[in-house]
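Notes for the one structure printed next.
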Amino acid sequence: DAFGEFLRDTLKQQGIDTRGLIMSKEANTTLAFVHLGESGERSFSFYRNPGADMLLNENELDDEILKNSAVFHFGSVSMTKEPARRATLKAAERAKALGKTISYDPNLRPPLWDSLEEAREIMSQGLPYADILKISEEELEFLTDHKDPETGSRLLYDKYNTPVILVTLGADGCFYHSGEN
């Protein structure tokens, strides 16, 4: 669609390699709208049912791109529906096997999930792959039942041995947990 073509062309104009980009005629590009409240809190709405991002299939993964990458980054939005869920986790698994640095952002976007229980279960499946975890205060509480960044990040480190955990705190900046400290 026109939005997908615009995004592809913008990436190319910025010198970003788009060889791994797959265009689809089966679904439109997902649109995300971010709404900011008066105190700066965010809320999201989406135009996606289905969206092209949901259609990535495991057999479309390009191992050459993974082999030639230094860092593999993924988020949980691509894990909200099949077949993209399986493809995303398979790509993370392959990147881990190749010894790549893996960055994970478990974006909690409730409107995209069938239930919050499903979201917690599936989002947690990405955690064992992460070398760098970028998580918001809200997502930390959602996954650990602890809002305190120090307590929540310690729980994640103890369970997954994640070397670097970054907890974004909105206007208050960021908390980080590195290694055993």
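The basis for the numbers below is simple: all heavy atoms, side chains too, and nothing from hydrogens, waters or symmetry mates.
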Kindly determine whether Asp17 and Lys12 satisfy salt bridge (Lys or Arg N to Asp or Glu O under 4.0 Å), including the steps that lead there. CA-CA 7 Å; Asp17 185 352; Lys12 285 181 178 180; over 6 Å; no
All pairs passing ring-ring contact (aromatic ring centres under 6.0 Å, His included) where residues 32-62 contributes a residue, at least two apart: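 Every candidate ring-ring contact (aromatic ring centres under 6.0 Å, His included) pair involving residues 32-62 fails, so no pair, neighbours aside, qualifies.
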Interatomic spacing from [atom1] in [X] to [atom2] in [Y] - rounded to 0.5 Å:
X	Y	atom1	atom2	result
Leu21	Ile65	CG	CD1	9.5 Å
Trp113	Leu108	CH2	CG	9.0 Å
Thr18	Met23	OG1	CE	9.0 Å
Phe72	Tyr104	CZ	OH	11.0 Å

Using a strict threshold of under 4.0 Å (side-chain N to carboxylate O), is an ion pair present between [Y] and [X]?
X	Y	result
Arg19	Asp62	no
Arg154	Asp158	yes
Lys96	Glu93	no
Glu60	Lys90	no
Asp131	Lys100	no

So, for Ser153 and Phe175, which heavy atoms are closest and what is the spacing to 0.1 Å? OG-CE2, 3.3 Å
Contacts of Leu7 meeting side-chain contact (heavy atoms from CB on, under 4.5 Å) (sequence neighbours excluded), chain-then-number -> Thr29
Taking [Y]'s backbone N and O only, do any of them form a donor-acceptor pair with [X]'s side chain (distance below 3.5 Å, no angle check)?
X	Y	answer
Lys147	Glu137	no
Thr168	Gly170	no
Thr162	Leu133	no
Thr151	Asp148	no
Ser69	Val71	no
Arg120	Phe142	yes

What class does the angle between the rings of His177 and Tyr157 fall in, given that below 30° is parallel, 30 to 60° is tilted and above 60° is perpendicular?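 It falls in the tilted class, 30° to 60°.
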Cluster question for you: counting only ILVMFWY and a side-chain heavy-atom cut-off of under 4.5 Å, with indirect links fine, are Met123 and Leu140 together? yes
Apply salt bridge (Lys or Arg N to Asp or Glu O under 4.0 Å) to the pair Arg42 and Glu138, showing each step before the final yes or no. CA-CA 11 Å; Arg42 305 169 303 157; Glu138 174 191 23; 5.2 Å; no
Starting from the C-alpha separation in whole Å, work towards a yes-or-no answer on side chain to side chain contact (heavy atoms under 4.5 Å, CB included) for Leu31 and Phe3. CA-CA 9 Å; Leu31 301 178; Phe3 290 113; 4.0 Å; yes
Applying salt bridge (Lys or Arg N to Asp or Glu O under 4.0 Å) as the test, list every pair that has at least one member in residues 44-54; sequence neighbours left out. Arg48-Asp53
Checking Leu166 against Ile132 for the side chain to side chain contact (heavy atoms under 4.5 Å, CB included) test, could you report, in this order, the C-alpha distance in whole Å, the side-chain angles of both residues, the deciding distance, and whether it holds? CA-CA 8 Å; Leu166 306 165; Ile132 302 167; 4.2 Å; yes
Assess the residue pair Ser136 and Glu139 against the criterion (side-chain hydrogen bond (donor to acceptor under 3.5 Å, both in side chains)); give the C-alpha distance rounded to whole Å, side-chain angles, the decisive distance to 0.1 Å, and a yes or no. CA-CA 5 Å; Ser136 72; Glu139 293 153 355; 3.1 Å; yes
